2 protein chains.
Amino acid sequence: MDALETRELRYFIAVAEELHFGRAAERLGMAQPPLSRAIQRLERRLGVLLLDRDRHGVSLTGAGETLLHEGRAALDAVTAAARRTRRTGGADRPGGRRGRLVLAVKAGASHELLHKLLDAYAAEPGAAEIEVLPSGTCEQGEMLRDGRADVALMHKPFNSLAGFDSEELMTEGQIAVLPAGHPLAARKSLSLADVEDIPDLPLARWARHGAYRPGPGPEIHDQTQLAQLIALGRTVAVFPDSARAWLWAEHAAVPLVDAPPVVTHIAWPAHSRSVALAGLIRTATRL
Amino acid sequence: MDALETRELRYFIAVAEELHFGRAAERLGMAQPPLSRAIQRLERRLGVLLLDRDRHGVSLTGAGETLLHEGRAALDAVTAAARRTRRTGGADRPGGRRGRLVLAVKAGASHELLHKLLDAYAAEPGAAEIEVLPSGTCEQGEMLRDGRADVALMHKPFNSLAGFDSEELMTEGQIAVLPAGHPLAARKSLSLADVEDIPDLPLARWARHGAYRPGPGPEIHDQTQLAQLIALGRTVAVFPDSARAWLWAEHAAVPLVDAPPVVTHIAWPAHSRSVALAGLIRTATRL
DNA sequence: GCCCGGCCATACCCGGCGGGTATCAGCGAG
DNA sequence: CTCGCTGATACCCGCCGGGTATGGCCGGGC
C-alpha cells in the first residue's frame, strides 16, 4: 500500500525540478519513456495527480508540491542513513576509529571557538576522532540533514536551527569592516543604516545558494576576495566580532550598535543517539 | 553509489528488530532465503557489515545500530511523504477541501484549549478543515514524523519536542487526584514526595509503548478506568490542572507545589511550508 | 558420541518489472 | 499545412526480486 521506493522519489523530484520529462531523464541518465511510465505508476499508486501536463508544458499540482518538499526531506533522510552507516562501519574495521564524527563549520568562520572546542574535546578520555568539514555559505543545515555531517557549528540568525537540537555556545556583536583610510573608520560606533548607504562604498553581497540578491555591491563568494576588495577601498562588509582575528592592516573595524547579535550554536539531528556526539556536546557546553 | 531502496530499509529493520531471519521474513510476508540475500546485497552495497551471524544467533554491529536508528527515521520520512501527498491530493478533487490538516492531540487531554483553538481558527477567513486525531499516550511525535498528523498539541515534559518547530501555548501546574474521603484530600497542598508513598494508595502506572514500568500501582491504559480506581479509593494519580474539568464528585484535587509545570505547545515538522498550517499556528499563538 | 533440529546460506528457477528503441499524438510556430 | 517539440504508447529484453529445495554449521538431548 505504501511502497514509494526511493528511486521513484528521485525520479519525481528530477521531473518536478526540471518541469520537463526530457531534461529530467537526461539528468537521471535514462531515456524519457521509462521516466514517464514511472511517474504515471507513482501517480497511480498514490491515487493522486502530481503533475499537470497540458499544452503549456508541465506544472506541479498541490499534491506535487507536497511530494516535492516532503520527498526531498525523505531522500535526505535516506542518504543520511546510508552515509552515517558507512561512516560507522569503518569503525569496526581494523585501524578504523570508533565513533568518528564529522563536524560542519562555516568555511572561514572564526577559528578561536573551534580550536578551543577541538582541544578541549581531544583532552577528554575516550574522545572520538573529529573530522572538520568546511561548508559553503550557510549550508551546514543541509549537511546535517543529508548525513554529510553529524554535528555542526551554526550561527543564528544566518542558519536556521529548525529541526535540530542545539545548545548555545557564544554570543557576539557585529562590526563593520571598512578600508582603513575611510572617514567612517574613525568613528567609535556605527549603525546599520550608516553602512547601508555609504557613498561610493556599497555593501558586499554574498552568494546564497549559488545566486546573488540584486544590488550595487560586488558579488563575493570567498572571504579572501572580500578582504582584498575592502582593503582596496571598493566595498564594506558586516561581520561578527570574531572576524577581527583575520583583519589586515588595511582594514578598520567599527562596532555596529544596532546589528542583531550573532549566536553560535552547536547543532545536531534531533534523533541522534551517539555517545561520541554526546561527549562533544558536553564538552562544548562546558567551554 | 547511494541507491538504498526503501524496501531494503524495511527488510533490514525487520531483521534488526527480530534478530532472526526466519521470523523477520515471516513478518515481511516472504521467504527467508531472498531476505538473507537482500541483506547481503545491502551490506555489500554499503561496504559494511551490519549483522554478526555467529553461533549465538544474529546481533547488530555498530553500523547496524546506526542503520537501524537512521533507517527508521528515513522510513518515517518516506511514509510521511506518501501520506501527506495523498492528503493534499484529495484537495484537488471535486468536493475535497483545500488544505485539510490533521491535528494530533493526546487522547483524553483537556478539551478546553482545544475547543478554543478550533473555534478561533474556524472563524478565520479561508480556514482549512481540521481533522482531530486522538493519539495514544505520548505518541504525537511519531504521528508527526510518519505523516499521520501535520501538527500536534504536545505537553512538556511528557512529549519531546526534539526535531519539531513549536510555539508555547499554555503553562499549568499539576494536581494530585485522590479519593474524596482520603485524609490527604483535606490538605491545601501536597508535595510529590507526599503522594509517592501514601500507605495503601500506590501511584497509578501508565502504559508507555505498550509496557509498564515495574511498581506496586495498578496498570492503567484508560482515563475512565483510572478515574474509577481513584473513586474506589484504590489509587492516586498526578494530572495537570486542567484535569479538574473531568473530576467526579468522588474525587478530590490537591495542588502539588513541587511538580514540574506542564507546558502545552503546538508543534509541527520543521520543514513544513503550508499556508493552512501557518494560519493555525498564528491563531494558536494569539489565543 | 551421535543424531536431530534450528538457522542461515547456497543453488537454481521463474515471472515481472525496469529500462531501451521506435513510433505516435497533440499542439504551437512559422 | 508542415515541422518541431514534447509527452505517451507499443513492444522487446535482460536482470533482479522472490520462491522452493537443499546444504552446512552448531548446539542440545539421549
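Every chain is numbered from 1 and lettered A, B, ... according to where its sequence line falls, protein lines coming before strand lines. Computed from a prediction, not measured in an experiment: that's the story for all the values here.
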What is the distance from [atom1] of [X] to [atom2] of [N], rounded to the nearest Å?
| X | N | atom1 | atom2 | answer |
| --- | --- | --- | --- | --- |
| Arg37(B) | dC14(C) | CZ | C1' | 12 Å |
| Gln32(B) | dG17(D) | CD | P | 17 Å |
| Tyr11(B) | dC16(D) | OH | P | 15 Å |
| Arg41(B) | dT10(C) | CZ | P | 13 Å |
| Glu26(A) | dC5(D) | CD | P | 14 Å |
| Met30(A) | dG19(C) | CE | C1' | 7 Å |
| Glu5(A) | dG19(C) | CD | P | 12 Å |
| Leu42(A) | dC17(C) | CG | C1' | 16 Å |

Q. Tell me, do Leu101(B) and Glu129(B) make a side-chain contact under 4.5 Å, heavy atoms counted?
A. no
Q: Measure the shortest side-chain to side-chain distance between Val102(A) and Arg148(A) over non-hydrogen atoms and say whether it is less than 4.5 angstrom.
A: no
Q. If you check the Ala31(A) side chain, which of dA9(C), dT9(D), dG20(C) turns out closest?
A. dG20(C)
Side-chain N or O of [X] closer than 4.0 Å to phosphate OP1/OP2 of [N]:
| X | N | value |
| --- | --- | --- |
| Gln40(B) | dT10(C) | yes |
| His20(A) | dC5(D) | no |
| Ser36(A) | dG7(D) | no |

Q.
Do Gln32(A) and Ser36(A) pair up side chain to side chain, a donor and an acceptor below 3.5 Å, judged on atom types alone?
A. yes
Q. Taking for each residue the nucleotide of DNA chain C with the nearest heavy atom, is it Ala38(A) or Arg53(B) whose nucleotide lies nearer the 5' end?
A. Arg53(B)
(Q) So for atom CD, which belongs to Glu26(A), do other residues, nucleotides or ligands contribute more than 12 heavy atoms lying within a distance under 6.0 Å? (A) no
